[in-house]
Amino acid sequence: MRTRSRKHRAVAAVSGVVACLLVLAGCSLGQQVEVDIPPQAEAPLPDETIQQLQDAVTHAMGVTGSSGAIVGVWAPWSGSWVAGLGTERPDGGADVTAELQFRAGKVTRAMTCDVLYKVAAEGTVKLGDSVSEYVAGVPDLSDVSLAQLCDGTSGIGSFTGQLYSTWLTNPNRMWDPRYLASFGLGQPREAAPGVAYRDSDAGYFLLGLALERATGRSAADLIQAYVADPLDLEATHLGALDAGTALDGAQAMPGAEGVLDCAAPLDLTGASSTIGFTDAGVVTDIDDLGRYAQALAAGAIVTDEDRFADALPPAPDAPSWYTAAGGAMQAGPLIGQFGKVPGYITAAFSDPDSGLTVAVVLNNSAADQSVGGYLAWQLAAIASKAHAADGQEMPEAGLPWTQEQYRDAIAAAAVCAPPAPQ
């Protein structure tokens with residue numbers, strides 16, 4: 001499984017060296033970073049905790065029509081649990097294993113912002129630079145900064161809602177990022193830049209284009225050099241999924257009577273990576289995803305403490321403990337991201353103080369993307385109560401929600417009927 005990803009890393013490293021020589025820019029190639037979190041107990045989580053975690057994931061699989069899932073939970077004071085559940089297709093197929101790769105979805109946003117902060121620290125760009133300095137044809141964005149694209153406060157709209165059905169009809173089509181971004185730019189701006197959060201895939205596409213222009217390097221090369229290589233994320237890259245190492249991804253589609261056919265979903269494993277680009281196009285595996293969540297939360301790549309300083313609520317009715325900034329979502333003490341792309345619902349969160357980390361992917365994207373966040377928070381609530389291993393102490397701080405609360409939220413978002421008990 002690692003052979004393929006090492007090939008991606010080798011190609012990106014060579015291209016990165018060439019780009020650095022051409023533009024005489026600073027590069028992070030070969031610079032490893034350490035993630036400062038509590039040491040992980042080298043033991044499995046207690047059996048009772050694992051059973052609760054497995055029940056939670058199985059329940060989410062049932063109501064989303066997912067035949068398979070991959071989950072990783074790390075509680076440094078207690079232990080860890082990493083597993084593949086179910087099968088790759090509803091009609092059977094291979095068992096899901098924890099080594100399979102999948103799309104990281106909106107976790108890509110945080111990685112794109114990592115790149116922004118790193119190249120800004122090197123002096124290539126400034127966080128306050130105007131988007132129009134780097135992206136041609138958008139003069140009306142002269143008042144929008146690169147940092148506002150990262151924070152989701154540009155006021156720019158999104159294109160996913162307008163094009164999602166097209167992606168399902170023609171999932172292999174290659175898309176130009178400027179063309180996709182134009183659909184978001186075509187929507188009215190809801191607020192002045194910097195005032196309010198607005199979920200904008202177009203904003204992260206524009207940020208990726210700006211970074212490519214500023215550095216003279218591809219977005220894939222930038223994420224490899226500034227994120228994957230420093231963290232030794234061998235399975236992580238921006239680009240296509242390799243069918244030989246991928247978790248099959250699908251989406252249940254309406255049948256003749258308009259009801260979702262959860263038993264025969266549309267295979268979307270090979271959907272074009274251009275759908276996601278620097279918003280949702282990264283490929284990863286569960287170990288890499290968990291480690292990245294820890295690095296994001298702990299500030300291992302970006303040490304700028306202002307990155308999450310001016311967080312805003314993602315919606316007017318959001319609870320006070322839920323905010324957005326720096327390409328990430330903050331849920332209580334957890335920092336991470338969640339969302340969906342055709343074929344997958346993905347989430348990853350970590351607490352920088354306790355080290356509690358959860359990462360999960362479901363292989364059916366028919367349900368609302370919020371299910372990814374709900375499941376991650378339910379898993380975190382369960383794991384937060386795991387008994388301490390010998391010689392360890394449980395963290396005192398808790399979470400501002402219960403696991404029952406988000407199990408109910410997942411049930412309310414159901415799009416498929418869970419299989420009948422055997």
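The figures that follow rest on heavy atoms only: side chains count, while hydrogens, waters and symmetry mates do not.
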Does the side chain to side chain contact (heavy atoms under 4.5 Å, CB included) test come out yes or no for Phe102 and Ile70, once each step is laid out? CA-CA 9 Å; Phe102 50 87; Ile70 307 174; 4.2 Å; yes
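- Asn364 and Thr64 share no side-chain donor-acceptor pair at under 3.5 Å.
- When the options Trp401, Tyr322, Phe349, Tyr406 are evaluated for a ring pair (Phe, Tyr, Trp, His ring centres under 6.0 Å) with Tyr374, the one that passes is Tyr406.
- Nearest heavy-atom pair across Thr215 and Leu211 is OG1-O, 2.7 Å.
- Under 3.5 Å, the side chains of Asn363 and Ser67 contain a donor-acceptor pair of N or O atoms.
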Leu296 and Ile335: CA distance, side-chain angles, deciding distance, side chain to side chain contact (heavy atoms under 4.5 Å, CB included) verdict: CA-CA 7 Å; Leu296 173 66; Ile335 297 175; 4.2 Å; yes
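- The line from CG of Leu116 to OG1 of Thr124 is 10.5 Å long, rounded to the nearest 0.5 Å.
- Residues Asp287 and Trp74 meet the side-chain proximity criterion, which asks for heavy atoms closer than 4.5 Å.
- Of all the heavy atoms in Ile37 and Gly355, the pair that sits closest is CB-CA, 4.4 Å.
- Looking at Asp248, its side chain never comes within 3.5 Å of a backbone N or O of Asp267 through a donor-acceptor pair.
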Could you go step by step and tell me if Ile223 and His237 meet the side chain to side chain contact (heavy atoms under 4.5 Å, CB included) rule? CA-CA 7 Å; Ile223 287 177; His237 66 275; over 6 Å; no
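- When each of Asp151, Asp199, Asp114, Asp201 is checked for a salt bridge (Lys or Arg N to Asp or Glu O under 4.0 Å) with Arg109, only Asp199 meets the rule.
- The shortest side-chain heavy-atom distance between Leu247 and Tyr344 falls under the 4.5 Å cut-off.
- Between the CD atom in Glu190 and the CZ atom in Arg198 there is a gap of 3.5 Å [rounded to 0.5 Å].
- Judged by distance alone, with hydrogens and angles left aside, the side-chain atoms of Tyr204 form no donor-acceptor pair with the main-chain N or O of Gly276 at under 3.5 Å.
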Quick one: do Asp288 and Thr236 satisfy side-chain hydrogen bond (donor to acceptor under 3.5 Å, both in side chains)? Show the steps, please. CA-CA 7 Å; Asp288 278 12; Thr236 299; 2.8 Å; yes
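- Closest heavy-atom contact between Ala104 and Thr284: CB-CG2, 3.8 Å.
- Residue-environment remark: CG (Asp310) stays at or below the threshold of 12 foreign heavy atoms within 6.0 Å.
- Geometric assessment of Arg307 against the ring of Tyr117 yields a positive cation-pi assignment under the 6.0 Å and 45° thresholds.
- No side-chain donor-acceptor contact under 3.5 Å links Arg103 to the backbone of Gly343.
- Using a 4.5 Å cut-off on side-chain heavy atoms (C-beta onward), Asp140 and Val138 make contact.
- The two atoms that bring Ile286 and Gly72 nearest to each other are CG1-N, 3.7 Å, heavy atoms only.
- Atom SG in Cys113 sits 14.5 Å away from atom NZ in Lys118 (nearest 0.5 Å).
- With salt bridges taken as basic N to acidic carboxylate O contacts below 4.0 Å, none links Asp285 and Arg291.
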Does the side chain to side chain contact (heavy atoms under 4.5 Å, CB included) test come out yes or no for Asp176 and Thr274, once each step is laid out? CA-CA 7 Å; Asp176 183 280; Thr274 60; over 6 Å; no
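- How far OG1 of Thr169 is from CG of Leu163: 11.0 Å, rounded to the nearest 0.5 Å.
- At least one donor-acceptor pair under 3.5 Å links the side chain of Gln162 to the backbone N or O of Ser158.
- In terms of modelled atom types and a separation under 3.5 Å, the side chain of Ser200 and the main chain of Ile156 share a donor-acceptor contact.
- Open room surrounds CD on Glu305; 12 or fewer heavy atoms of other groups in view lie less than 6.0 Å from it.
- Checked by atom type and distance alone, the side chain of Thr303 never pairs as donor or acceptor with a backbone atom of Gly299 at under 3.5 Å.
- For the pair Lys340 and Tyr164, the distance from NZ or CZ to the six-membered ring centre is under 6.0 Å and the angle to the ring normal is within 45 degrees.
- Contact record, Ala297 with Ser350: CB-O, 3.5 Å, taken as the closest heavy-atom pair.
- Under the 4.5 Å side-chain criterion, counting only non-hydrogen atoms from C-beta, Ile382 is in contact with Thr49.
- Counting heavy atoms from C-beta outward, Ile275 and Thr160 have side chains that stay 4.5 Å or more apart.
- The minimum heavy-atom distance linking Ala210 with Leu146 is given by the pair CB-CD2, 3.8 Å.
- Without hydrogens or angle criteria, Thr278 side chain to Thr108 main chain gives no donor-acceptor distance under 3.5 Å.
- For the residue pair Gln369 and Lys106, a side-chain donor N or O sits within less than 3.5 Å of a side-chain acceptor on the partner.
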Report the C-alpha separation of Glu122 and Tyr226 in whole Å, then their side-chain angles, then the decisive distance to 0.1 Å, and conclude whether the side-chain hydrogen bond (donor to acceptor under 3.5 Å, both in side chains) test is met. CA-CA 12 Å; Glu122 293 172 354; Tyr226 288 103; 2.8 Å; yes
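- Counting non-hydrogen atoms of other residues, nucleotides and ligands closer than 6.0 Å to CG of Asp36 gives a total of 12 or fewer.
- Ring pair Phe159/Phe205: centre-to-centre distance below 6.0 Å.
- A distance-only check finds a donor-acceptor pair linking the side chain of Ser354 to the backbone of Leu356 [under 3.5 Å].
- Between Leu375 and Val358 the shortest side-chain heavy-atom distance does not fall below 4.5 Å.
- For the residue pair Ser365 and Gln251, a side-chain donor N or O sits within less than 3.5 Å of a side-chain acceptor on the partner.
- Looking at heavy atoms from C-beta onward, Trp77 lies out of side-chain contact with Gln40 at the 4.5 angstrom threshold.
- Side chain of Gln330 to main chain of Ala311: no donor-acceptor pair is present (N/O by atom type, distance under 3.5 Å, no hydrogens or angles).
- The structure places CG of Leu85 at 10.0 Å from CG of Leu362, a figure rounded to the nearest 0.5 Å.
- The backbone N or O of Ser145 sits less than 3.5 Å from a side-chain atom of Gln148, completing a donor-acceptor pair.
- Inspection of the Thr357 and Gln294 side chains reveals an N or O donor paired with an N or O acceptor under 3.5 Å.
- A perpendicular orientation is assigned to the rings of Phe183 and Tyr179, their planes being inclined by more than 60° (bins at 30° and 60°).
- Between Leu209 and Glu212 the shortest side-chain heavy-atom distance falls below 4.5 Å.
- Note that the CG atom of Leu399 and the OG atom of Ser384 stand 4.5 Å from one another [nearest 0.5 Å].
- Using a cutoff of 4.0 Å between basic side-chain nitrogens and carboxylate oxygens, Arg89 and Asp91 are scored as salt-bridged.
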